[in-house]
Amino acid sequence: MELVLTREHPAYRPPAPGEQNCYARGSIDFPDVRSLTWTDQGTPPAVDASGETDYGGIDALFGDGSVFHIEGDWGSIDVVSGAPRIVWS
């Protein structure tokens with residue numbers, strides 16, 4: 001996925017021409033998943049201008065202990081796992 005980096009992030013750079021933000025490729029890894037519930041599987045993915053499948057953005061991601069909630073156009077996911085981590089591509 002494309003992650004938006006803020007000015008506070010050590011890898012931040014000014015946006016390239018034609019970009020709104022500083023982007024970096026990576027994924028969010030939830031290790032040791034013990035339970036996962038995916039509801040409201042919403043909008044089917046689109047195809048963006050580069051021809052890649054676009055699932056939309058993450059609108060919310062929060063957690064309490066080992067329980068995490070993620071939501072976006074693709075629905076809502078509740079997962080019980082180890083602490084999520086960013087894996088850079």
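All values below come from the heavy atoms of this structure, side chains included, with hydrogens, waters and symmetry mates left out.
Atom CG in L3 sits 7.5 Å away from atom CD1 in I58 (nearest 0.5 Å). One finds the OG1 atom of T53 at 8.0 Å from the CG atom of D48 (value rounded to the nearest 0.5 Å). The CD1 atom of I28 sits 4.5 Å away from atom CE of M1, with the distance rounded to the nearest 0.5 Å. With values rounded to the nearest 0.5 angstrom, L36 atom CG is found 8.5 Å from D78 atom CG.
Within a 6.0 Å sphere centred on CG of D64, heavy atoms belonging to other residues, nucleotides or ligands number 12 at most. Under a cut-off of 6.0 angstrom, the local environment of CD in Q41 is crowded, with over 12 non-hydrogen atoms contributed by other residues, nucleotides or ligands. Under a cut-off of 6.0 angstrom, the local environment of OH in Y12 is crowded, with over 12 non-hydrogen atoms contributed by other residues, nucleotides or ligands.
In this view, R7 satisfies the salt bridge (Lys or Arg N to Asp or Glu O under 4.0 Å) rule with no residue, not counting sequence neighbours. Every residue two or more places apart in sequence or in another chain was checked for a salt bridge (Lys or Arg N to Asp or Glu O under 4.0 Å) with E8, and none qualifies. Residues satisfying the side chain to side chain contact (heavy atoms under 4.5 Å, CB included) test with D59, not counting sequence neighbours, are D73. Contacts of D54 classified as side chain to side chain donor-acceptor pair (under 3.5 Å), with partners at least two apart in sequence or in another chain: none.
Hydrophobic cluster membership of V67, counting Ile, Leu, Val, Met, Phe, Trp and Tyr whose side-chain heavy atoms lie under 4.5 Å apart directly or via other members: V80.
Applying the ring-ring contact (aromatic ring centres under 6.0 Å, His included) rule to pairs touching residues 31-51 yields nothing, sequence neighbours excluded. Listed by first and then second residue, the salt bridge (charged side-chain N to carboxylate O under 4.0 Å, His left out) pairs that reach into residues 12-41 are R13-E19, R25-E52, D29-R85, sequence neighbours excluded. Among residue pairs with one or both ends in residues 61-89, those qualifying as ring-ring contact (aromatic ring centres under 6.0 Å, His included) are H9-W88, F30-F68, F62-H69; sequence neighbours excluded.
Between C22 and A11, the shortest heavy-atom distance links the atoms SG-O, 4.3 Å. The two residues S81 and P31 make their nearest non-hydrogen contact at CB-O, 3.2 Å.
There is no path of hydrophobic side-chain contacts, each under 4.5 Å, that joins V87 to Y55.
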Just do the side chain to side chain contact (heavy atoms under 4.5 Å, CB included) check on N21 and L5 with the steps written out, would you? CA-CA 7 Å; N21 298 294; L5 303 182; over 6 Å; no
